[in-house]
Amino acid sequence: MDYRRLRKNKAIRNYIKETRVHLEDLIYPLFIVEGENIKQEISAMPGNYHFSIDKLIEEAKELLEIGIQGVLLFGIPDHKDDMGTTAYCEGNIIERAIKALKKFVPELYIIADVCLCEYTSHGHCGVLCGSIVDNEKTLPLLAKAAVSYAKAGADCIAPSDMMDNRVEYIRKALYENDCQDIAIMSYSAKYSSAYYGPFRKAAHSAPQFGDRKSYQMDPANRKEALKEVEKDIAEGADIVIIKPGLPYLDILWQVSQSVHVPVCAYQVSGEYAMIKAAEQMQWIDGKKAAMESLTALKRAGADMIITYFAKDFAKGILTEY
Ligand code: PBG
Ligand code: ZN
């Protein structure tokens, strides 16, 4: 009975528990659409919604009340074109959302995702040259979006495009526009993953041809993740993201052990949807599985977690595994 002594009852299990998930660790993603009075559930992500800006404010107030400190914003525009203009044009949807949030819910920490795929007609994360995503043509547009969101009041910019050298480019643009105090949380190790499926449905952002393998990472590779992370830190990233979460715990562990910046895990839409779907089938206890997943991400070294479960966690709906 050498090891079971310390598992004998809940008290001792609590005393020796190495990892706990705190509400303060969690970041909640939000999807913003044009229009008014819209709060529409996303079918592949039950419990998550498309919000028009007026409804977004109501939601944000509720999030703060239940203890969620920060949100990650994604815009879903009415109009898309080949240059992703609505990501960075004057008065773009994210700029307006941030201004409204900062006016009515100033305490909420605002992270703005920066990418073009929700805004391009072809669904790729950058500008095309033929059928190739052109790195150099994309960088100025990403920087324009970042500056627009920063000037509107975002606290943090999160580039998710996976173009080379974008952190350096965005950092320089922020400096030139007097936005020195804006943090950059870079999606440094972002894998080309099937687990983004529900998100792409929600954002209507699936690529219209081909895939994202020429810019997102190959799931088979580990060393590359360290290279990407180190490069982003050298370019000025304050925080690095590993994405997806649970299938990449080894990456999360290795990165968290080897760098000296905060590390964020993104528990992506597919991870969320799998738990919700299996729960609906009564095949697993979703409340326990969600808590177990979040705990595993923290155990593997995440300082913070982007998760669609943040609201359930805050409301005390999730239960101990
Ligand atoms: C945009 C972006 C994606 C996600 C976050 N930012 C989709 C993608 O790269 O196709 C996925 C998030 C999720 O699945 O929850 N580049
Ligand atoms: Zn993208």
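Whatever order the structure lists ligands and atoms in, that order sets their numbers, starting from 1. Basis for what follows: all heavy atoms, side chains included, without hydrogens, waters or symmetry-related copies.
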Under 3.5 Å, is there a donor-acceptor pair between the [X] and [Y] side chains?
{"X": "Y28", "Y": "N48", "answer": "yes"}
{"X": "E118", "Y": "S205", "answer": "no"}
{"X": "D232", "Y": "Y187", "answer": "no"}
{"X": "R212", "Y": "Y215", "answer": "yes"}
{"X": "S121", "Y": "D82", "answer": "no"}

Option among Q216, K190, R166 that satisfies the side chain to side chain donor-acceptor pair (under 3.5 Å) test with D161: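 Result for side chain to side chain donor-acceptor pair (under 3.5 Å) with D161: R166.
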Check ligand 1 against [X] and write out every atom of the ligand that is under 4.0 Å from a heavy-atom position of the residue.
{"X": "R212", "value": "8 (C), 9 (O), 10 (O)"}
{"X": "R200", "value": "8 (C), 10 (O)"}
{"X": "K190", "value": "1 (C), 2 (C), 3 (C), 6 (N), 8 (C), 9 (O), 16 (N)"}
{"X": "F74", "value": "5 (C), 6 (N)"}
{"X": "Y308", "value": "12 (C), 13 (C), 15 (O)"}
{"X": "Y196", "value": "8 (C), 9 (O), 10 (O), 11 (C), 14 (O)"}
{"X": "Y266", "value": "12 (C), 15 (O)"}
{"X": "V268", "value": "13 (C), 14 (O), 15 (O)"}

Please confirm whether Y49 and F31 have ring centers closer than 6.0 angstrom.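 No - the distance between ring centres of Y49 and F31 does not fall below the 6.0 Å cut-off.
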Are H124 and F209 close enough that their ring centers fall under 6.0 Å?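 Ring-ring flag for H124/F209: true, centres closer than 6.0 Å.
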For ligand 1, note which part of [X] has a heavy atom under 4.0 Å away: side chain, backbone, both or neither.
{"X": "Y272", "value": "neither"}
{"X": "D113", "value": "side chain"}
{"X": "C115", "value": "side chain"}
{"X": "S160", "value": "both"}

Parallel, tilted or perpendicular: which describes the rings of F74 and Y266, with under 30° parallel and over 60° perpendicular?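 F74 and Y266: tilted rings.
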Close N or O approach (E118, ligand 1; < 3.5 Å):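 By distance alone, the answer is no.
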Starting from atom 11 (C) of ligand 1, which protein heavy atom do you reach first, and at what distance in Å?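 Checked against all protein heavy atoms, atom 11 (C) of ligand 1 sits closest to K243 NZ, 2.9 Å.
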Specify the protein heavy atom at minimum distance from atom 14 (O) of ligand 1: its residue, its atom name, and the distance to 0.1 Å.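 Atom 14 (O) of ligand 1 sits closest to the protein heavy atom S269 OG, 2.7 Å.
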Whether over 12 other heavy atoms sit under 6.0 Å from [X] [atom1]:
{"X": "R222", "atom1": "CZ", "result": "no"}
{"X": "Y321", "atom1": "OH", "result": "yes"}
{"X": "K39", "atom1": "NZ", "result": "yes"}

Strictly under 2.8 Å, is any N, O or S atom of C125 next to the Zn ion (ligand 2)?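 True for C125.
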How wide is the angle at the Zn ion (ligand 2) between SG in C117 and SG in C115, to the nearest 10°?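 About 120° at the Zn ion (ligand 2).
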Is it true that Q216 lies under 4.0 Å from ligand 1, counting heavy atoms only?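 Per 4.0 Å heavy-atom rule, Q216 contacts ligand 1.
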Is the shortest distance from a heavy atom of E271 to ligand 1 less than 4.0 Å?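 In this structure, E271 fails to qualify as a contact of ligand 1 - no heavy atom is under 4.0 Å.
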